[in-house]
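Here the structure comes first, spelled out in structure tokens, and everything after it is commentary.
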Amino acid sequence: MILVLLVRRSLRQHLLSTLVTALSLALAGGLLMSVWVVKGQARETFTRQTGSWDAVLGARGSKLQLVLNAIFHLEASPGNVPFADYQAIATNRAVALAVPIAVGDNFRGYRIVGTLTSLFSEAEPVPGRKFRVAMGGRVFEDGFREALVGSFAARRLGLKVGDTFRPYHGLNFDPKAQHEDEYVVTGVLEPSNTPADRVIWIPLAGLQNMSGHAAATASDVSAVLVKLKSPIVGQQLEMMYNRQGDRFTFAWPLGTTLAQLFDKMAWFDKVLELVAYLVALVAAGSVLASIYNSMSARRRDMAILRALGARRFTVFASIVLEATSVAVLGMLGAWVLYLLILTAVASVIQTQTGVVLQVWAWNPVLLTAPAGLVLLGALAGVVPAIKAYRNPVAENLLPES
Amino acid sequence: MDALKIRNLKKGFSVPGQVGSLTVVDLPELTLGAGEQAALSGSSGSGKTTLLHLIAGILPAETGTIHLGNVEMTGLGEAGRDRLRAGTIGYIFQTFNLLQGFTCLENVLLGMSFGKGADRAYAMSLLGRVGLGDRLDYFPRQLSTGQQQRVAVARAVANRPHLVLADEPTGNLDPENARQALALIRQICTESKAALLLVSHDPLVLAGFDRVLSLSQLNRAALKEVG
Ligand SMILES: Nc1ncnc2c1ncn2[C@@H]1O[C@H](COP(=O)(O)OP(=O)(O)O)[C@@H](O)[C@H]1O
Ligand SMILES: [Mg+2]
């Protein structure tokens with residue numbers, strides 16, 4: 001009780017340094033929690049984006065590039081697959097569902113992907129849940145210049161049912177490369193929180209036959225999304241496509257392929273984490289320094305407290321508690337900062353990939369990191385506390401001369 | 001029972017550039033009855049403050065004994081002396097030594113909290129008693145020097161001590177405030193049945209006491225230094 005009063009008053013007397021040190025601890029805590037949570041959630045969420053798909057078939061090339069292109073709608077397609085080969089895998093006895101996609105156009109930076117209506121009637125972007133078209137819309141019809149727009153793309157482009165647009169050639173927006181073909185929006189998809197939200201879907205034939213596209217490869221597809229009847233058969237198909245001949249790449253299992261992506265980015269997490277630890281160390285140092293520096297001004301007060309009967313240990317404890325309080329204050333800030341950082345990062349990741357991070361999701365690090373930093377703050381308080389503990393009473397009671 | 005009983009008390013300090021230690025207090029005997037009020041005179045440097053620090057247990061004695069009531073201060077370790085000081089001694093300083101970051105009321109409550117426990121009502125009544133009932137939430141810097149010393153007086157008696165030590169309590173006050181402060185200290189000690197040992201070298205202050213002890217004569221260390 002008495003300690004609380006002592007600490008509270010002291011913190012208020014040194015308000016500026018209290019706030020600055022608390023802020024630096026907040027920065028360390030916020031950074032540490034954000035790095036940790038984003039790292040974990042990104043890995044988990046990205047891996048989940050494969051939905052009910054087990055594998056991707058594409059032209060010979062990098063598996064990772066194939067998966068990024070076919071599932072995340074990022075990067076360029078490694079090449080084309082003849083339509084006959086799509087039909088071959090679609091009718092393979094081991095395959096439950098195969099849906100082709102074709103890429104190569106965009107509308108103001110948002111990808112236009114050609115596919116078949118079976119994607120919307122049978123595939124599950126999130127396991128157990130099919131695509132849903134928002135009220136008042138419908139899926140495009142094969143053979144027509146119709147488009148079904150992902151929720152995020154629709155919102156950003158301001159597209160709604162009945163609107164028309166003319167696609168641009170290429171995966172990146174170039175205002176000079178507009179096609180003549182005009183498409184009408186027949187529906188908008190409900191949010192699935194997957195990369196599909198950033199895509200404008202049109203009939204496969206539409207993309208293949210877009211004015212100005214090469215006629216020779218008009219029936220080719222960019223990749224085939226594959227759902228297997230049973231995971232065991234993946235091995236067989238893997239052997240068949242990857243080991244025999246050099247025309248195809250069969251990316252399977254998808255989780256392993258995506259793990260490569262995160263292994264490639266691991267150094268970046270490490271650097272961020274290291275920065276957070278350094279900030280934590282500097283913050284703890286500033287707790288130590290700011291309290292230590294105030295000690296000489298407080299020698300007299302310490303002596304007075306002792307003269308009133310306070311024990312050495314009480315004086316010691318009040319300083320450690322003061323440092324701890326600064327750290328606790330900092331951690332309140334850290335949680336606020338964490339939410340701000342995560343909201344910003346989530347928004348960037350959604351804009352770039354369509355993947356949605358859960359800002360409010362619970363993670364044990366939200367407790368362990370602040371607890372660790374409070375402990376660090378308390379430890380930083382021990383040094384000045386020892387100084388206070390050793391403060392001689394008699395000398396410091398004398399009038400200052 | 002006596003409030004204070006000192007026998008063969010010795011204390012010295014090591015001084016830079018000198019071998020051994022310089023004896024500052026060498027007091028064969030000093031006794032103060034319960035509720036008794038005595039003044040202690042002595043020139044500057046005669047060891048008055050050091051003696052009060054020894055009695056309060058702020059400084060450890062080298063040899064000899066100090067009894068407060070039936071407890072021997074000199075037989076206790078530091079933590080024990082702290083506890084005894086908090087519970088049985090009130091200390092008034094020449095420079096008041098109020099905690100600048102705390103209000104009048106908080107200063108008194110803090111003094112209590114190390115002893116018998118904070119008692120808000122009693123703290124307020126004490127501040128009322130010294131004429132500061134309407135200044136409870138003032139900080140020391142918002143008070144005159146005379147008022148600050150009155151807060152210190154209230155704080156000193158807040159734990160109902162058996163012995164109040166006052167180290168030149170009027171030294172920083174003008175004559176009128178000094179007269180009032182002295183009267184207040186003596187009255188409040190009488191009211192709370194505390195013995196009072198007051199240090200001063202002001203003849204006007206000393207004149208009011210029935211019993212005046214001269215440290216220059218009692219303290220052998222002081223005699224040596226003077227001689
Ligand atoms: N910590 C110390 N170290 C060395 N000498 C000290 C110390 N404290 C007091 N003294 C010396 O002891 C003597 C008595 O000091 P003090 O008790 O303060 O005198 P008074 O209060 O009577 O003026 C002085 O000569 C002083 O220099
Ligand atoms: Mg003195």
Side-chain angles (χ1 to χ4, degrees), chain A residues 1-19 290-291 293-319 321-322 325-326 384-401, chain B residues 11 13 24 49-60 77-103 105-118 120 139-140 152 155-156 158-159 161 165 167-168 171-172:
Chain A
M1 196 45 232
I2 178 74
L3 284 179
V4 172
L5 177 64
L6 286 173
V7 167
R8 219 181 49 204
R9 200 52 57 84
S10 173
L11 289 180
R12 199 182 309 161
Q13 268 180 311
H14 313 103
L15 191 63
L16 188 66
S17 79
T18 299
L19 289 180
S290 73
I291 298 183
N293 286 341
S294 73
M295 287 315 297
S296 47
R298 288 150 79 175
R299 287 214 313 256
R300 180 124 186 232
D301 277 14
M302 301 285 168
I304 295 170
L305 289 172
R306 294 291 314 281
L308 292 175
R311 314 248 193 98
R312 253 183 218 278
F313 181 75
T314 307
V315 171
F316 175 88
S318 79
I319 299 297
L321 193 67
E322 182 171 332
S325 306
V326 174
I386 288 174
K387 191 175 161 123
Y389 185 88
R390 293 202 181 136
N391 188 35
V393 181
E395 279 96 322
N396 288 303
L397 279 175
L398 302 178
E400 276 149 33
S401 48
Chain B
K11 179 71 183 176
F13 293 106
V24 172
T49 298
T50 306
L51 177 60
L52 292 193
H53 282 164
L54 287 167
I55 296 171
I58 290 169
L59 285 175
E78 192 186 53
R81 296 203 306 272
D82 289 341
R83 200 175 307 132
L84 188 61
R85 170 165 71 255
T88 61
I89 289 181
Y91 211 120
I92 302 169
F93 306 87
Q94 178 177 350
T95 50
F96 323 141
N97 278 344
L98 296 178
L99 292 156
Q100 295 300 316
F102 297 82
T103 65
L105 184 59
E106 286 167 344
N107 264 278
V108 177
L109 286 171
L110 270 171
M112 287 174 153
S113 62
F114 300 118
K116 301 195 167 72
R120 215 183 163 77
F139 285 90
R155 185 178 66 181
N159 280 324
L165 304 171
D167 194 353
E168 312 208 32
N172 276 24

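So you know, we letter chains A, B, ... as the sequences are listed, proteins then strands, and number each from 1. Quick caveat: nothing in here was measured; it's all calculated off a predicted structure. Only heavy atoms go into these numbers, but all of them, side chains included; no hydrogens, no water, no symmetry mates.
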Verdict with reasoning, L99(B) to R300(A), per side chain to side chain contact (heavy atoms under 4.5 Å, CB included): CA-CA 9 Å; L99(B) 292 156; R300(A) 180 124 186 232; over 6 Å; no
Stepwise side chain to side chain contact (heavy atoms under 4.5 Å, CB included) check, F114(B) with T314(A): CA-CA 10 Å; F114(B) 300 118; T314(A) 307; 4.0 Å; yes
Stepwise side chain to side chain contact (heavy atoms under 4.5 Å, CB included) test for L308(A) and M112(B): CA-CA 8 Å; L308(A) 292 175; M112(B) 287 174 153; over 6 Å; no
T103(B) and R9(A) side chains, donor-acceptor separation under 3.5 Å: no
Nearest atoms (heavy-atom pairs only) where [X] meets [Y]:
| X | Y | value |
| --- | --- | --- |
| A307(A) | I58(B) | CB-CD1, 4.1 Å |
| A394(A) | L59(B) | CB-CD2, 3.8 Å |
| G309(A) | A86(B) | CA-CB, 3.6 Å |
| L6(A) | L110(B) | CD2-CD2, 4.0 Å |

Side chain, backbone, both or neither of S10(A) within contact of chain B (heavy atoms, under 4.5 Å): neither
Residue pairs passing the salt bridge (Lys or Arg N to Asp or Glu O under 4.0 Å) test where at least one lies in residues 80-103 of chain B, sequence neighbours excluded: R306(A)-D82(B), D82(B)-R85(B)
Close side-chain approach of H53(B) to L397(A), heavy-atom, < 4.5 Å: yes
L5(A)/F102(B) under side chain to side chain contact (heavy atoms under 4.5 Å, CB included): CA gap, chis, key distance, verdict: CA-CA 9 Å; L5(A) 177 64; F102(B) 297 82; 3.9 Å; yes
Please look at [X] and chain A and tell me whether the side chain, the backbone, both or neither of the residue comes under 4.5 angstrom of a heavy atom of that chain.
| X | value |
| --- | --- |
| T50(B) | neither |
| A56(B) | neither |
| L98(B) | backbone |

Flag if over 12 foreign heavy atoms under 6.0 Å of CZ, F313(A): no
Heavy-atom neighbours of R299(A) CZ exceed 12 at 6.0 Å: no
